[in-house]
Amino acid sequence: MTTPVVWRPGMDVSAGRLGAMAQSASLLVTNYGADASGSTNASPGLQLALNAARDLGGAQVVVPPGVYLIGQTLRIYGNTRLTLMAGAEFRRNVAGTMLINGDAGQAFGGYTGHSRITIEGGLWNMRGTTSGLTASAMCISIGHATDIVIRDLEVRDLPGFHAVELNSTTHGTITGCQFRGYVDPGGRDFSEAVQIDLAKSSGVFGGFGPYDHTPCEDILISGCHFGASGTAGTTAWPRGIGSHSATIGRWHRRIRIANNSFEGVLQYAISAYNYEDLTVVGNTFVSCGSAVRIRVVILSDAEDTKDVNGNPTGASQNMRNITVVGNSMRSGGGYDHAIIALGEVSGTVLNLTIVGNTLDGTTSNQAGIRLDRVSRAVVADNVIANTAGSGISTENQNNTVLSSNVIWTAGAHGITMVTSDNSEILGNHIRDPANSGILVQGGSDVQIRNNFVDGANRVASSAYGIRVSTNPVAIAISGNKCRPGASTTKAVRGLSISSGTGVHRFGNDMRGTWSGAGGTGIDDASTSPNTTATDIQ
């Protein structure tokens with residue numbers, strides 16, 4: 001009996017295996033007339049193969065090594081696996097999208113469009129600096145779909161739009177891909193390589209309707225690289241992964257971003273806009289304008305604050321359950337803070353965990369971690385070194401715990417907490433901040449306990465080890481230790497309380513030679529502070 005000839009991804013190409021790939025369940029595009037020389041439009045043959053897979057109810061469409069000139073937008077249909085073998089290149093030669101799931105004018109709502117699609121392998125060369133191809137274009141666009149896999153491919157030198165858009169998609173996976181090189185044709189300095197979006201309007205998703213505001217859910221982006229290609233006239237991507245449109249009453253949910261690398265991204269490597277149940281784990285960020293932004297719907301955006309019926313609400317909305325854990329960030333740029341979570345008066349970031357991250361270096365006075373209008377947050381066990389601004393900066397908070405962080409040579413304060421309630425600053429280790437080690441302004445019911453600050457006021461700004469001001473209420477300060485450090489510009493005091501009521505202070509160790517008049521380590525000007533270590537009631 002003759003042994004059947006088979007081909008599986010990873011095998012070498014032989015005549016017998018190429019023949020096996022041409023069987024009904026595995027369609028070889030060259031058998032449909034697709035030219036692999038790079039000199040003739042290959043799109044008609046490629047589309048015939050994709051149509052054949054559709055007509056069979058699904059099949060694998062295989063693209064052998066070679067250069068395939070894409071002269072028209074390709075349409076891929078349900079239950080299709082499109083495989084570009086090693087050495088295969090799709091070279092764009094159309095002023096538009098390379099690949100989209102389905103036909104213009106189709107009307108599959110929700111997640112009922114062409115689904116169960118795998119797109120894998122090859123170089124997808126968008127040629128964004130080539131004459132006639134510099135206008136904004138998309139590489140792969142997916143909408144109203146479920147069970148989408150995009151893996152092990154490279155998108156290069158894209159102009160204006162996105163390398164991959166997942167719009168109104170559930171159960172989508174993007175793994176092992178490389179997104180290299182971007183061209184801004186003008187007014188597109190905010191584009192994401194991978195955009196997660198909702199079916200809001202034709203201006204948001206131009207492929208097809210219906211525009212029923214279906215968001216994305218259950219998306220995994222893992223093991224990908226985002227950066228520059230080195231092609232003359234291109235840059236790294238403005239943003240790596242993210243969104244920039246929203247609808248009130250909708251959220252993108254269960255988004256997992258893990259083990260990716262971002263290098264030289266100009267703005268936000270990750271911009272989680274109106275996401276819930278988000279995990280950002282194990283990623284590496286090098287020389288990015290900002291690593292992670294967590295943002296509720298922008299209150300001033302007239303379109304994003306409309307509801308599903310198009311009615312203006314004039315309000316933002318809460319987003320919740322965000323985890324940023326175990327990421328590495330080096331040499332952050334000055335576009336924004338390394339990690340920033342930003343709410344609005346009418347929309348709060350709820351249930352935020354930022355734990356176990358390492359940040360080394362920022363520029364342009366950017367803080368390491370910044371929270372504003374966030375509730376129920378834990379920022380713990382992070383190592384934050386050499387930030388140009390404060391190590392951790394918080395404002396308009398409640399129920400926030402800043403615990404066991406190591407903050408080294410911050411360019412402003414070590415930790416700030418401004419106008420915040422029911423919060424704690426516990427067990428942090430702060431060395432040589434340019435200004436105060438810990439600064440608390442206003443707020444109520446805040447604990448400052450068991451922190452160590454050494455060498456505050458490194459840049460002679462009349463700062464303190466711990467400073468409490470602006471009339472806070474019911475502040476408990478205990479068990480902290482501050483030392484003047486080796487700097488020639490000693491802090492004014494180890495602990496300074498310029499105002500406040502209901503202050504409870506005891507057990508703090510502020511020994512050392514300070515620069516304030518009289519040289520004592522504690523100056524408490526609050527109203528009738530309680531300094532006993534006994535129970536109070």
Which residues satisfy the side-chain hydrogen bond (donor to acceptor under 3.5 Å, both in side chains) test with Ser261, sequence neighbours excluded?
His225

Tyr68: which residues meet the ring pair (Phe, Tyr, Trp, His ring centres under 6.0 Å) condition with it, sequence neighbours left out?
none

Please name the residue in the list Gln366, Arg370, His337 that meets the side chain to side chain donor-acceptor pair (under 3.5 Å) test with Ser393.
Arg370

Can you see which heavy atom on Met138 is nearest to which on Leu158, and at what distance?
C-CD1, 4.2 Å

Can you list everything that forms a ring pair (Phe, Tyr, Trp, His ring centres under 6.0 Å) with His213? Sequence neighbours excluded, please.
none

Checking Phe262 now: which residues fulfil ring pair (Phe, Tyr, Trp, His ring centres under 6.0 Å) with it, not counting sequence neighbours?
Phe226, Phe285

Strictly by salt bridge (Lys or Arg N to Asp or Glu O under 4.0 Å), give each pair with a member in residues 91-105 just once, sequence neighbours left out.
Glu89-Arg91

Shortest non-hydrogen contact between Cys216 and Ile219, atoms and distance:
CB-CG1, 4.1 Å

Excluding sequence neighbours, so at least two apart, what forms side-chain hydrogen bond (donor to acceptor under 3.5 Å, both in side chains) with Asp152?
none

Under the salt bridge (Lys or Arg N to Asp or Glu O under 4.0 Å) test, residues paired with Arg373 that sit two or more places apart:
none

Looking just at side-chain N and O atoms, do Arg188 and Ser191 make a donor-acceptor pair shorter than 3.5 Å?
yes

Classify the side-chain pair Arg116/Asn79 by whether it contains a donor and acceptor separated by less than 3.5 Å.
yes

Modelled atom types, side-chain donor and acceptor of Arg256 and Thr279, under 3.5 Å:
no

How about Asn405 and Asn382: does a side-chain donor come under 3.5 Å of a side-chain acceptor?
yes

Between Glu303 and Ser245, do the side chains contain an N or O donor and an N or O acceptor separated by less than 3.5 Å?
no

Among side-chain atoms of Asp157 and Ser229, is any donor-acceptor pair under 3.5 angstrom?
yes

Less than 4.5 Å apart, side chain to side chain, heavy atoms only: is that true for His144 and Asp212?
yes

Could you tell me which residues satisfy salt bridge (Lys or Arg N to Asp or Glu O under 4.0 Å) with Asp184, sequence neighbours excluded, listed by chain and number?
none

So, using ring pair (Phe, Tyr, Trp, His ring centres under 6.0 Å) as the criterion, who are the partners of Phe208 when residues are at least two apart?
Phe205

Quick one: do the Gln317 and Asn274 side chains pair a donor with an acceptor below 3.5 Å?
yes

Set of side-chain hydrogen bond (donor to acceptor under 3.5 Å, both in side chains) partners for Asp35, sequence neighbours left out
Ser37

Listed partners of Phe108 passing side-chain contact (heavy atoms from CB on, under 4.5 Å), at least two apart:
Gln106, Thr112, His114

Look up atom CG in Leu278 and atom CE in Met319, then write down how far apart they are to the nearest 0.5 Å.
7.0 Å

Could you list the residues that satisfy side-chain hydrogen bond (donor to acceptor under 3.5 Å, both in side chains) with Ser243, not counting sequence neighbours?
Tyr275

Asp304 and Tyr273 side chains, donor-acceptor separation under 3.5 Å
yes

Is the shortest heavy-atom distance from the side chain of Ile119 to the side chain of Val164 under 4.5 Å?
no

